[in-house]
Amino acid sequence: MGEPGIHQRVEARIVSRGELLDVVGNQPVMLVVGPDGKSVRVFSRNVGGQSLDFYGRGSSGDSWALLDTTTLGEWGFDGCARSGDMKGQCLTRIDALKDYWFDWQNYHPHTSIYRH
């Protein structure tokens, strides 16, 4: 996850309850676990020149959502705002791979490990 050439391992147990906000390289990022508890997506938190912070899971009926602290808008697992001042805007998705550590380390031995 992160800039090309930057690899970082994040243990699944760290984000199993929602979101992880961090800065990798110079990029503010968010890693989220989806409503199924298994799917993982990573997004840049920069939107319109500002870095957003997210928390918890909002609720729009039965649908999964995150709230941003700037506008209190709801964001879906697709990375797009469903309400608030940024409705219709989407976070930029960052390529990420969900893999087993024993396999990953064989190919990327210099990966840093995220510690929370």
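Computation of the quantities below employed the complete heavy-atom set of this structure, encompassing side-chain atoms and omitting hydrogens, waters and symmetry-equivalent molecules. Positions are given from 1 along the sequence.
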Task: Residue pair Asn46 / Pro28, side-chain heavy-atom distance below 4.5 Å - done: yes

Open item on the list: Checking Cys80 now: which residues fulfil side-chain contact (heavy atoms from CB on, under 4.5 Å) with it, not counting sequence neighbours?
Closed with: Asp78, Cys90

Open item on the list: Considering only residues two or more places apart or on different chains, which pairs with a residue in residues 22-48 satisfy ring pair (Phe, Tyr, Trp, His ring centres under 6.0 Å)?
Closed with: none

Open item on the list: A side-chain contact here means heavy atoms from C-beta on lying under 4.5 Å apart; do Ile94 and Val29 qualify?
Closed with: yes

TODO: Check whether any side-chain heavy atom of Met86 lies under 4.5 Å from a side-chain heavy atom of Leu52, and answer yes or no.
DONE: yes

Open item on the list: Given 3.5 Å as the limit, does a donor-acceptor pair link the side chain of Arg93 with the main chain of Arg41, or not?
Closed with: no

- [ ] Could I get the full list of side-chain contact (heavy atoms from CB on, under 4.5 Å) partners for Thr92, not counting sequence neighbours?
- [x] Ser44

Open item on the list: Please enumerate all residues that pass side chain to side chain donor-acceptor pair (under 3.5 Å) together with Thr71, with sequence neighbours excluded.
Closed with: Asp68

Task: Pairing residues for Asp53 by the side-chain contact (heavy atoms from CB on, under 4.5 Å) criterion, not counting sequence neighbours - done: Leu21, Arg45, Thr69

Open item on the list: Checking Ser83 now: which residues fulfil side-chain contact (heavy atoms from CB on, under 4.5 Å) with it, not counting sequence neighbours?
Closed with: Glu74

Open item on the list: Between Val40 and Val32, does the side chain to side chain contact (heavy atoms under 4.5 Å, CB included) criterion hold? Intermediate values first, please.
Closed with: CA-CA 6 Å; Val40 174; Val32 294; over 6 Å; no

Task: Interatomic spacing from CH2 in Trp75 to CE in Met30 - rounded to 0.5 Å - done: 8.0 Å

